[in-house]
Amino acid sequence: MTQNSPPLVLPPGLARAIATLQDKDLHRLDDTVTRLHTVNGRLWDTEDRVRGALLSATQVADCKREIDQLNAERNALAERADEVLGSLADAGRADAPLHTETLASVVDRLSVLTLRIWHSERAAARDELARRRVPALHGQREELCAALDALVSDVVAGRRRLPVPARFKLYGRDDAAPAEIKPSRHLRWVLAFGGLSECGKSTSAEFVQRTCGAQRLKIGFLLRQAAHREGLADPYALSARRQAELLLGELNRFADAHVDTRLFTIESVHDDASIAELKQLMGDTLQIVYLDVSFAVRVERSGTLAQAVAAKDEIKMSRGAHQVAALADHVIDNTGSIAALRARLRRIAAPPAATALRVATPYGLGLPAAIASATADFTDAVRAYGPGVRLAALTGSPGEGSWIAGWSDLDLLVIAEHETIGRVHEALKQYRTALGGAASLGPTLVTPGELTARRLTPRLAFVLHQLQQGSPVLHAAPDLELPTISRDDLAFAAVRELPQVILTMRRLRAHAGPTALRQLYKHLVLACRLLLREHNQWESGPDRILAEASRMPGLAALSVPSLAEIASAWRDGEAELVLKPVCAAVDQFLAWYAAQLAA
């Protein structure tokens with residue numbers, strides 16, 4: 001709009017009515033009406049350019065094309081304003097007289113009249129006719145504001161009904177299809193969220209963006225971008241197939257510009273015809289997710305009146321939003337807990353996959369005979385439970401072949417259905433009895449659902465990664481599916497886990513005595529391992545990890561006895577001999593870490 005153009009002031013009755021809207025609807029309406037007024041100002045200026053200076057035929061054509069595009073945007077914004085303003089209506093009076101135009105149409109006329117008054121007042125100093133028009137124009141504005149307030153009052157009270165706001169304008173209509181378009185090789189996975197009002201589309205897309213690193217996009221934005229790129233004024237006037245091609249073209253451009261992005265989300269799917277065409281173009285690369293929530297629950301969650309939600313639903317259903325459910329790859333009943341919703345979303349965004357695991361007997365893990373025998377008996381016991389137990393594995397040092405008697409724990413991972421975990425407890429009790437104190441057993445029990453929903457601690461994520469990289473398991477069901485854990489996942493997990501490791505190490509250091517040696521040393525090694533992961537270094541074995549960490553910028557070499565020396569002193573009851581250098585290394589590391597994070 002021209003600099004110093006007048007603001008659009010809404011009449012008091014309408015202002016009071018929209019003040020009752022939810023904050024998000026109020027912000028959306030304010031933004032839409034402001035943009036509508038701005039577009040009207042640009043239209044006025046462009047039409048003045050056509051009528052004013054002597055222009056070439058090409059310049060006139062360019063101006064006319066711009067006018068068409070601005071008119072298309074004007075109508076789209078008015079429809080969007082009506083989606084919110086329509087929620088003010090009392091839907092209980094189906095027999096109420098129908099008004100001839102929508103509330104946004106009147107607001108649009110008020111915008112144009114405001115601009116006419118402003119331009120007339122500017123021209124009045126040099127144009128007598130314009131000067132005489134100004135009082136009449138102000139009178140027209142007062143009458144229009146009074147009529148709009150009266151209409152708002154009637155609509156809110158149910159004395160008037162509003163027409164369906166769709167305008168079906170055909171500015172810039174061009175159904176000519178381009179050459180066949182296919183998904184870019186960089187466009188690997190797209191989730192399209194659909195559903196009626198207040199069903200959780202935006203919440204779901206935001207969660208997938210935050211937890212899975214998705215690039216979140218709006219369908220309306222993509223279509224407007226495509227229309228601008230191809231000189232089309234109103235993409236919604238095109239056929240469903242053409243809209244789908246425009247959407248895919250924009251998705252391809254985003255994917256090619258963000259080649260490291262594995263996942264995209266688009267929202268909100270309100271048109272069943274165009275999303276069906278997009279699915280045909282993209283195949284399984286596009287996953288349509290429909291969030292199904294009863295009307296009563298959506299009203300309760302929205303915190304607004306039922307008629308407000310119903311008004312939004314009516315607009316969306318007129319475009320086929322409710323029919324998207326029949327096309328969806330995933331229909332989620334979102335009337336339950338947020339935990340259930342997020343579990344479904346994580347499985348859709350990052351589907352689990354069948355994993356080829358290396359199965360080994362306990363006798364091939366370098367364990368003492370008595371421990372290997374007890375482990376074999378436990379493996380036989382859980383295997384006999386059938387499909388309820390999905391996996392059993394000794395992790396950490398047994399899998400890496402560095403287990404040390406008298407020092408190392410037996411870290412055990414069991415994946416089992418919740419109903420079977422009670423029986424696993426009995427098997428663990430027998431396992432501990434058979435070990436007879438020869439080793440300390442540290443079991444981790446987790447359900448398949450927790451894994452596929454990626455409810456993982458950083459430690460568990462690392463264990464799964466190690467198994468997928470070839471660390472042996474004792475037992476695995478043939479159809480086992482596990483979440484794929486990448487090195488990027490582990491690097492991110494390291495950032496989250498390291499603060500807790502540092503805090504624990506400080507607590508252990510504050511009470512450092514011979515009995516704390518083992519825990520203090522292990523936390524030092526773990527902290528160094530996590531830091532190395534952040535630097536994309538993937539070392540294994542405590543001696544190697546500490547040696548590589550000593551090369552971190554600014555960290556002097558950590559002078560720590562070898563693992564064999566520390567383990568031997570621990571077993572022989574001589575922990576005090578190695579405690580001092582371990583404490584010194586911990587102090588050195590903690591001082592360095594604090595300096596790295598200082599302001």
Side-chain angles (χ1 to χ4, degrees), residues 7-40 74-93 96 99 101-111 114 144-167 193 195-206 218 220-221 267-268 270 291 293-319 321:
L8 175 61
V9 179
L10 299 179
L14 177 58
R16 285 192 299 270
I18 64 178
T20 64
L21 294 170
Q22 264 190 311
D23 283 347
K24 69 174 186 178
D25 286 337
L26 187 58
H27 292 323
R28 183 185 180 200
L29 181 63
D30 181 66
D31 175 70
T32 302
V33 170
T34 300
R35 288 172 58 189
L36 175 65
H37 190 49
T38 300
V39 166
N40 280 333
R74 173 189 184 186
N75 278 279
L77 289 168
E79 283 190 21
R80 193 173 307 164
D82 271 324
E83 290 181 10
V84 180
L85 290 170
S87 66
L88 298 174
D90 182 350
R93 291 288 306 277
H99 194 63
E101 59 183 333
T102 67
L103 291 174
S105 291
V106 184
V107 171
D108 179 54
R109 288 202 287 124
L110 180 61
S111 167
T114 300
L144 184 59
C145 287
L148 178 54
D149 276 350
L151 175 59
V152 169
S153 177
D154 285 346
V155 164
V156 171
R159 294 187 295 269
R160 284 272 182 182
R161 286 186 298 119
L162 296 172
V164 175
R167 285 163 170 75
F193 288 100
L196 296 178
S197 304
E198 310 297 340
C199 67
K201 298 183 294 294
S202 295
T203 300
S204 297
E206 183 181 359
K218 298 281 190 176
F221 168 76
E267 55 181 296
S268 301
H270 294 156
L291 296 161
V293 187
S294 68
F295 179 74
V297 171
R298 290 188 286 114
V299 170
E300 181 182 359
R301 288 179 178 175
S302 72
T304 60
L305 298 176
Q307 56 261 37
V309 178
K312 293 180 183 179
D313 281 353
E314 183 176 352
I315 294 170
K316 291 178 172 63
M317 291 172 71
S318 70
R319 301 168 181 165

*Closest approach of L291 and S204, non-hydrogen atoms and distance?*
CD1-OG, 3.6 Å
*Does the side chain to side chain contact (heavy atoms under 4.5 Å, CB included) test come out yes or no for T34 and L8, once each step is laid out?*
CA-CA 8 Å; T34 300; L8 175 61; over 6 Å; no
*Grab the two heavy atoms, one from I18 and one from L10, that are nearest each other, plus how far apart they are.*
CD1-CD1, 3.9 Å
_For a 4.5 angstrom cut-off between non-hydrogen side-chain atoms, does E300 reach S294?_
no
*Once you round to the nearest 0.5 Å, how far does CG of L148 lie from CG of L144?*
6.5 Å
_Return the CZ to CD distance between F193 and E267, rounded to the nearest 0.5 Å._
7.5 Å
*Shortest non-hydrogen contact from S87 toward L21*: OG-CD2, 3.6 Å
*Can you find a heavy atom in the side chain of D149 that is under 4.5 Å from one in the side chain of L14?*
yes
*asked:* I need the E79 CD to T32 OG1 distance, nearest 0.5 Å.
replied: 12.0 Å
*Find the distance between NE2 (H99) and CG (L151) and round it off to the nearest 0.5 Å.*
4.5 Å
*asked:* Within the structure provided, determine whether S153 and R159 are in side-chain contact (heavy-atom separation under 4.5 Å).
replied: yes
_Nearest atoms (heavy-atom pairs only) where L110 meets C145_ = CD1-SG, 3.9 Å
*Do D31 and R35 pass the side chain to side chain contact (heavy atoms under 4.5 Å, CB included) test, and can you show the C-alpha distance, the side-chain angles, and the key distance before you say yes or no?*
CA-CA 6 Å; D31 175 70; R35 288 172 58 189; 3.5 Å; yes
*For the pair R161 and E314, find out whether any cationic side-chain nitrogen is under 4.0 Å from an anionic carboxylate oxygen.*
no
*Could you tell me whether the side chain of V293 reaches within less than 4.5 Å of the side chain of L196, counting heavy atoms only?*
no
*Nearest 0.5 Å, what's the OG1-NZ distance between T304 and K312?*
6.0 Å
*Measure across A104 and A81 and return the closest heavy-atom pair with its distance rounded to 0.1 Å.*
CB-CB, 3.9 Å
_Is the shortest side-chain heavy-atom distance between V84 and L26 below 4.5 Å?_
no
*Does the side chain of V152 reach to within under 4.5 Å of the side chain of P11, using non-hydrogen atoms?*
no
*Kindly indicate, with the supporting measurements, whether the criterion side chain to side chain contact (heavy atoms under 4.5 Å, CB included) is fulfilled by R298 and D313.*
CA-CA 11 Å; R298 290 188 286 114; D313 281 353; 2.9 Å; yes
*Do we see a donor-acceptor contact under 3.5 Å between the side chains of S302 and Q22?*
no
*asked:* Applying side chain to side chain contact (heavy atoms under 4.5 Å, CB included) to L162 and D82, what does each step give before you reach the verdict?
replied: CA-CA 10 Å; L162 296 172; D82 271 324; 5.7 Å; no
*Can you tell me how far CG of L103 sits from CZ of R160, rounded to the nearest 0.5 angstrom?*
12.0 Å
*Kindly give the heavy-atom pair with the smallest separation between A89 and Q307, and that separation in Å.*
O-CG, 3.6 Å
